[in-house]
Participant: 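I have a structure I would like to understand better, so I am pasting it below and will then ask my questions one at a time.
Each chain gets a letter, A, B and so on, in the order the sequences are listed, and its residues count up from 1. Computed from a prediction, not measured in an experiment: that's the story for all the values here.
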There are 2 protein chains.
Amino acid sequence: MPTRAPQERRRRRPTASGVVLSKELITETALRLIGEHGPEALSVRRLGAALGCDPSALYRYFRNTDDLLLAIADRIIGDTMVGFVAGPDWVASLRDMAMRVRAGYLAHPRAAAMASFRVTRRENEFRAVETGVGLLLSAGFPPADAVRLYLAFIDTVLSHAALDAACHALPREQREADERAWTEAYQSVDPESHPALSEVRGELHAMAESSFEPAVDLLLDALAAKASALRPRT
Amino acid sequence: MPTRAPQERRRRRPTASGVVLSKELITETALRLIGEHGPEALSVRRLGAALGCDPSALYRYFRNTDDLLLAIADRIIGDTMVGFVAGPDWVASLRDMAMRVRAGYLAHPRAAAMASFRVTRRENEFRAVETGVGLLLSAGFPPADAVRLYLAFIDTVLSHAALDAACHALPREQREADERAWTEAYQSVDPESHPALSEVRGELHAMAESSFEPAVDLLLDALAAKASALRPRT
DNA sequence: GCCTTATGTCAACAGGATTGACGCAAGGTG
DNA sequence: CACCTTGCGTCAATCCTGTTGACATAAGGC
């Protein structure tokens with residue numbers, strides 16, 4: 001008879017409220033907590049209460065809160081990349097990756113704001129790096145360039161996604177006030193002291209929109225140009 | 001006799017240690033504290049200790065710690081763009097702007113990390129938009145494009161700077177652990193399941209570095225290419 | 001059925017932000 | 001010069017936070 005894997009062998013004693021804890025249940029609950037009540041709602045005490053266990057029980061599963069945070073971040077990465085398959089067109093595939101990451105962050109705006117700049121060192125991040133670097137290698141970049149360019153790409157994607165997520169996490173009134181600023185406050189600039197702003201006055205409303213797609217497309221343009229410089233004729 | 005401005009009229013009683021408090025002294029001390037002892041050294045208690053006053057005295061000057069943080073952020077923005085003048089080369093000028101923003105954020109990472117996603121709508125932001133849009137107009141872009149492209153540019157700069165700042169704001173152990181991950185944990189990948197990672201193994205240390213300059217340069221490359229497509233021969 | 005040990009619980013600690021009451025002294029006023 | 005208002009520094013208290021060590025108990029292999 002096959003012995004079960006060690007991590008499945010672990011005994012899971014139910015808590016006082018009858019729940020059986022697991023890493024998965026904890027990260028899920030944490031994500032739900034953040035989504036419902038904001039990032040400041042995430043504390044070991046509140047998480048324990050939401051799970052129906054003593055706060056200190058969490059330390060049997062995560063070394064500390066940072067460890068928990070990384071697990072949450074990795075779960076978001078995993079969710080966003082579910083069902084993704086790299087196609088033959090590396091630029092289109094990277095673009096698909098970018099749009100997925102953004103969608104994943106927008107689905108959990110508040111968690112994204114906390115975790116977007118961390119290296120999770122976990123399986124899902126592993127796979128994302130593998131995929132992205134693989135695409136750049138397939139484009140013909142040598143390893144050193146593939147790594148550097150992937151980093152520039154993914155950081156742009158992650159940080160822009162975090163920016164979008166942060167905006168979505170703002171209270172509605174504040175977000176609308178920020179948007180109105182571009183179409184109202186900025187309209188009455190003095191042409192003398194601010195000639196450029198005055199000249200583009202009619203277009204400033206575009207500043208209220210997300211720059212995610214333009215920025216990613218500019219970056220992909222630059223990558224494509226670099227790649228075709230590598231192989232002048234294909 | 002001219003009456004002094006209300007804010008100058010305020011009485012400033014010296015603290016027990018003889019210091020006379022002010023908004024300026026408090027923000028300066030907070031920045032010094034962060035610079036000397038790391039970002040986690042900023043707490044009301046420690047700030048009070050550094051100033052030689054009771055922690056609660058700070059609440060006479062700032063509504064709460066968030067208010068204090070915004071004051072600090074505003075000071076950083078001001079410092080960042082001091083002395084900047086746009087030159088004739090629009091690409092170089094945008095690059096200069098980018099590097100200044102980053103330097104300003106990195107000098108005070110924690111404050112930057114917390115405030116970088118907000119729209120200030122104050123004079124400094126005003127001037128930055130004026131300058132940046134003006135540079136793109138001078139490059140020959142029509143108003144609508146100048147606005148959209150400036151947005152993509154500045155968001156990339158701001159969000160990458162925030163990303164860098166956020167990494168620098170991490171406690172040292174966490175940051176070092178994140179960096180080590182690329183040279184250690186990621187080294188032992190299975191070549192079978194992760195062929196691309198395995199191929200670039202020797203270059204992964206680059207992932208621990210900042211992608212700010214590569215990303216900004218890629219974006220500027222793309223902008224320059226777009227501009228020269230506008231005016232094939234100058 | 002026993003023994004090991006994983007794991008949930010409890011109590012405690014240090015340090016965080018914030019607030020309300022208190023009282024000193026700074027400064028305008030007469 | 002003396003008085004009175006009030007700005008503001010101080011103190012003490014409250015309620016949070018993460019984290020740890022001792023303890024108890026049940027799960028599961030034998």
Participant: For B:Asp67 and C:dT18, what is the distance between atoms CG and C1' respectively, to the nearest whole Å?
Facilitator: 14 Å
Participant: Salt bridge check: are A:Arg148 and B:Glu203 linked by an N-O gap of less than 4.0 Å?
Facilitator: no
Participant: Report the distance from atom CG of A:Leu58 to atom C1' of D:dT19, rounded to the nearest whole Å.
Facilitator: 12 Å
Participant: Is there a side-chain contact between A:Leu42 and A:Thr65 (heavy atoms, below 4.5 Å)?
Facilitator: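 Of all side-chain heavy-atom pairs linking A:Thr65 with A:Leu42, none is under 4.5 Å.
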Participant: Rounded to whole angstroms, how far apart are CZ on A:Arg60 and C1' on D:dC23?
Facilitator: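 Spelled out: CZ on A:Arg60 to C1' on D:dC23 is 10 Å.
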Participant: Consider the side chain of B:Ala57, meaning its heavy atoms from C-beta on, and name the nucleotide among C:dT19, D:dG9, D:dA22 that approaches it most closely.
Facilitator: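 Among C:dT19, D:dG9, D:dA22, the one nearest the side chain of B:Ala57 is D:dG9.
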Participant: Can you tell me how far P of C:dA17 sits from OH of B:Tyr59, to the nearest Å?
Facilitator: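 Result: 6 Å.
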Participant: Using the closest heavy atom to pick a nucleotide of DNA chain D for each, name whichever of B:Leu21 or A:Asp54 lands nearer the 5' end.
Facilitator: B:Leu21
Participant: What's the CG-P distance between B:Asn64 and D:dC15, to the nearest Å?
Facilitator: 20 Å
Participant: If the cut-off is 4.0 Å, is A:Arg46 near the phosphate of D:dT17, judged by side-chain N/O to OP1 or OP2?
Facilitator: yes
Participant: Roughly how many Å is it from CG in B:Leu68 to C1' in C:dT18, rounded to a whole number?
Facilitator: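 After rounding, the reported distance stands at 14 Å.
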Participant: Identify which nucleotide among C:dT19, C:dT18, C:dT7 has an atom closest to any side-chain atom of B:Val44, counting heavy atoms from C-beta outward.
Facilitator: C:dT18
Participant: Could you state the CG-P distance from A:Leu69 to D:dG18, rounded to the nearest angstrom?
Facilitator: 12 Å
Participant: Closer to the 5' end of DNA chain C via nearest nucleotide, is it B:Thr65 or A:Gly52?
Facilitator: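 Residue closer to the 5' terminus by nearest nucleotide: A:Gly52.
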Participant: Is the base of C:dA17 touched by the side chain of B:Arg45 through a donor-acceptor pair closer than 3.5 angstrom?
Facilitator: yes
Participant: Are B:Val129 and B:Ile154 side-chain neighbours, meaning at least one heavy-atom pair lies under 4.5 Å?
Facilitator: no
Participant: Rounded to whole Å, please give me the gap between CD in A:Glu40 and P in D:dT17.
Facilitator: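 Whole-Å distance recorded here is 11 Å.
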Participant: Taking OP1 and OP2 of C:dG16, is either one under 4.0 Å from a side-chain nitrogen or oxygen of B:Ser43?
Facilitator: yes
Participant: Just N and O in the side chain of B:Tyr61: are any of them under 4.0 Å from OP1 or OP2 of D:dG9?
Facilitator: yes
Participant: Is the shortest distance from a Lys or Arg side-chain nitrogen in B:Glu213 or B:Arg95 to a carboxylate oxygen in the other one below 4.0 Å?
Facilitator: yes
Participant: Tell me whether A:Arg127 is salt-bridged to A:Asp74, with the criterion being a basic N under 4.0 Å from an acidic carboxylate O.
Facilitator: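 Looking at A:Asp74 together with A:Arg127, the answer is no, because their closest N to O distance does not fall below 4.0 Å.
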